[in-house]
Amino acid sequence: MEDRYGGEAPENFIKKKTLAGKTKRIMEQIKKGSTSRTKSTALEEMPPQKPPKHRRGKSEWASGQLPSYGRDDAGGRVNQITLFERGQVDIEADLKGLSEKGIDNLRADLAKTDAECEEEIRKAVYDHYQHFIGVTQGIMQLGGELQQLHNLLNNNSAMVAALKSVATPANTTSRLLPLSQLRDEESAAEAAWMAGPEGTKWTETVEEMDVAIAERRPSEALHLLRRADRTLAKLQGLDALSSRTMGQKAALDRRRTQLIAMLEAQMEEPGAGVAEVRAAAQLLSHAAGKARALRAMLDAHTARLSHAQQQLLKPQNSGGGAAEGLDYAGALAQQAFATIAAAAEDVAAVFQKDAPELGAVLLVWSLHEAERFCTLIKRNALSPFAAPAGLAPTVGCCQLAMTQCVALEQSHGLMLAPRLVRDLWPACEQVLQRRVRKTCEAGAASAAADLDAAAARAPGAMGSAPSDWSGLTRLLPSADFILDELQDIVTLMRPMPGPRLGFILKRALSEIFAAYTLGLSAAFARHKRSDGRFPPGLDEMLEGIMEAVTLLAEKFMPQLAASLQGRCESICDGPHLDSCITSLAESLGMTSAG
C-alpha cells in the first residue's frame, strides 16, 4: 500500500534502523551544535507532547504523518516547525523511495512550512519592534553618557597628574589630610553654622520665600530673594567652594526659577490688565534681567494677540463676500497695530531709561508681528479675491492695513510700512495682472464686434462724421469701454503707496492700449477684400477710428497721469503709445492707398 508521497510500503524499500541508532544520531547532532537551541514562544507555551512514533527508515515527512496544512491555528504551524527543531527530518532517506508525485508533494509541504516560518518571523518582528527601538535608543543614550563619564574621568586624571607634578612630595605629605577627616570637619562646621544666628536667619528667609511663591506674592518673594543673595554673597567671599555654599546657591537658583516662571505666567494671563503686566515685567527685570523681562512681556502680547485673532470670524465662514473680507481685514489690522502700540507703550513705561537701547528688540518684534499679520490677511482675506473682479476688495484690504500702519508710525515712530508694502504688493499686482489680461481680451473682442457691425451697415447709416468724443463712442463703443477700464484701474490703484505704483500702472495702461490697437488691426485685416479695400460701411469709419484712438493716447491717458501727479512718476509711456498709433495708421494708410 502506498503512502502519502506515492512510495511503496516502508518495509519493502527502506533499510531497517533501530531506535537506538536513531537516538545516537540525534545525540551526535546535538553535540555538534546542529540541533536548534531556540524554540518559538508558542512552542514553549504548549504542554509537553509525547513524541510521535516513527516508521523505520522514514521521517514523518515520508510517512505521511504530518499535520494538515492550511490550518490557521497556532498548533498546526508549531507542529510543522517542531519537526525541524527536533531533528526528525531526514531528506536523504526520504527521497530514496519516493515517486515523482511524492517528490512534488514533499516540495509543496516544504514550501508551505517555509511560508509558515516567514509568517512567524513577521509576527515576532511586529510584536517586538517598538520595544527594540526603545531599547536601541536607551543603549545609544547610555553610550553617550558613558562617553561623557569617560571624558570626565580623563580630565580628572589629567588634573591629578598635573597637581602631582607641581607639588613636592614633602609638602604633599604634610598638608593633605584624610578625606574622611575633611568631610567630618566640613559637616561639623555646617551644623554649627546652621545652629547659629546666621543659619537660623537663612532658614527663615528661605521658608518665607517658599510661602510667598506658593501664595503668589511676587513682590515679597523678590525682596526675600535679594536678601538671600546678599547673605550668599558674604558666604562666598569667605568660602566659595564649600559644599554648604554651593548647596545654598543651588537652592536659591531653584527658587529664582520658580519666581520667574510665576511672573511670566502672570503676564500671559488673558485677563491681566495693563498695570498688572507692567508690574510683573518690572519685577521680572529685577529677578532675571531686563532682556528676559522684555522678551517675556512681548511674548505675552503675542499670545493675547493670537488669541484675539483666532476669535475673528473668517470671511469664508461668513459668506465670503467683499464686505466680509473688508470687515475681517479691518478688524485684524486694528488688533495687530493696537497690540504693537500697547507693547511700545509698555516698554517705554517699564524701561524708561533703557527704552532707546531696547528699541531694536521692540522693532524686530513689531516687524515679526506685521509679517504675521500680512500672512493672515493674504490667507483669509485676499485669497477669495484672486479673480480679476477682486481688485477693488483686494486694494481695500491693503488700504485698511496701510491706514493703521501709518497711524502707528505717526504716534510711536515704528516704521512698518516697508514690510507691509513688500508683503502685500505682490498680491495686489497679481490681481491687477488678471484684470489687465481680462480687459485686453474684452477690448479686442469689443473692437472686433464694432467693426463687424460697421461692415454690415449700409453706407451713410451713421450720418455725418462725428466731431466730439460722444459721437466717436457712438461710432466706436469699444473706445469708451477701454477708457472706462483705464479710469477704473487708476482710481482703484491710487490709494496704494510705494514707488512701484507708477511703474505698475504704466505697464498696465500700455498693455491695454497696445492690445486694443492690435485688436482693431486684426479686425480690419479680417474684413479686407481681395482688391485691398474695405466694405463701404467700414471704409467711412477709418478717420473716426483714428481720431478716437488718438484722443485716448493724447488726451485722456495724460489726464489720468495728471490725477496721480505727486504720488508717482508719469504713467503714460509716450513712445510706446505713439508706436501703437503709428502701426494702426500705417495699416489704414496702406488700405487707403490701395
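Heavy-atom basis, side chains included; hydrogens, waters and symmetry copies ignored. All values reported here derive from a predicted model rather than from experimental measurement.
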Gap between atom CD1 of Ile377 and atom CG of Leu420 - 0.5 Å precision | 9.0 Å

So does Glu369 pair up with Arg372, basic N to acidic O under 4.0 Å?
-> yes

Sequence neighbours excluded, which residues qualify as side-chain hydrogen bond (donor to acceptor under 3.5 Å, both in side chains) partners of Asp450?
-> Ser478

First locate atom CG of Leu509, then atom CG of Leu577, and finally report the distance between them rounded to the nearest 0.5 Å.
-> 8.5 Å

Kindly compute the distance separating CZ (Arg494) from OG1 (Thr491), expressed to the nearest 0.5 Å.
-> 5.0 Å

Looking at Phe385 and Gly325, what are the two nearest heavy atoms and their distance?
-> CZ-CA, 4.0 Å

May I ask you to decide whether Asp299 forms a salt bridge with Arg295, counting only side-chain N to carboxylate O separations under 4.0 Å?
-> yes

Could you tell me the separation between the SG atom of Cys374 and the CZ atom of Arg379, rounded to the nearest 0.5 Å?
-> 12.5 Å

Provide the closest heavy-atom pair for Ala381 versus Ala329 in the form atom of the first, atom of the second, distance.
-> CB-CB, 4.4 Å

Could you note down all residue pairs passing side-chain hydrogen bond (donor to acceptor under 3.5 Å, both in side chains) where residues 426-438 supplies at least one of them, sequence neighbours left out?
-> Glu429-Arg500, Glu429-Arg507, Arg435-Glu485, Arg435-Asp488

Side-chain heavy atoms of His412 within contact of Ile340, under 4.5 Å = no

More than 12 foreign heavy atoms under 6.0 Å from CD of Gln141: is that the case here?
-> no

Between Leu298 and Trp365, what is the shortest heavy-atom contact and its length?
-> O-NE1, 3.4 Å

Test item: Asp452 and His527 side chains (from C-beta on) under 4.5 Å apart, heavy atoms = yes

What distance separates Arg419 CZ from His368 NE2, expressed to the nearest 0.5 Å?
-> 10.0 Å

Heavy-atom distance under 4.5 Å between the side chains of Glu409 and Leu414, does that happen here?
-> no

Looking at Ser219 and Leu283, what are the two nearest heavy atoms and their distance?
-> N-CD1, 3.9 Å

Does a side-chain heavy-atom distance below 4.5 Å link Val549 with Phe513?
-> yes

Does the Ser366 side chain pair with the main chain of Leu362, one donor and one acceptor, at a distance under 3.5 Å?
-> yes

Stepwise, does the side-chain contact (heavy atoms from CB on, under 4.5 Å) test hold for Glu119 with Arg122?
-> CA-CA 5 Å; Glu119 183 181 357; Arg122 284 195 298 269; 3.9 Å; yes

Pair Lys314 + Glu324, salt bridge at N-O below 4.0 Å = no

Can you tell me how far the CD1 atom of Ile545 sits from the CG atom of Leu475, to the nearest 0.5 Å?
-> 6.5 Å

Is there a side-chain contact (heavy atoms from CB on, under 4.5 Å) between Met209 and Leu252 once you walk through the steps?
-> CA-CA 10 Å; Met209 192 189 311; Leu252 281 186; 4.0 Å; yes

Heavy atoms, side chains only, cut-off 4.5 Å: are Thr517 and Ile581 in contact?
-> no

Leu424 versus Cys398, closest heavy-atom pair with distance = CB-SG, 4.0 Å

Grab the two heavy atoms, one from Leu408 and one from Ala341, that are nearest each other, plus how far apart they are.
-> CD1-CB, 3.7 Å

Is the side chain of Gln266 donor-acceptor paired with the backbone N or O of Ala280 at a distance under 3.5 Å, no angle test?
-> no

List the steps and the verdict of side-chain contact (heavy atoms from CB on, under 4.5 Å) for Phe481 and Leu486.
-> CA-CA 9 Å; Phe481 167 76; Leu486 295 178; over 6 Å; no

Does the side chain of Tyr516 come within less than 4.5 Å of Leu520's, by heavy atoms?
-> yes

Quick one: does His286's side chain get under 4.5 Å of Arg226's, heavy atoms only?
-> yes

Start with the C-alpha distance between Leu483 and Trp469, add both sets of side-chain angles, then the distance that settles side-chain contact (heavy atoms from CB on, under 4.5 Å), and finish with yes or no.
-> CA-CA 11 Å; Leu483 179 59; Trp469 178 254; 3.9 Å; yes

Heavy atoms from other residues, nucleotides or ligands near CD of Glu345 exceed 12 (cutoff 6.0 Å) = yes

Should Glu276 and Arg216 count as an ion pair when the cut-off is N to O under 4.0 Å?
-> no

State, yes or no, whether a side-chain contact exists between Leu326 and Cys397 at a heavy-atom distance under 4.5 Å.
-> yes

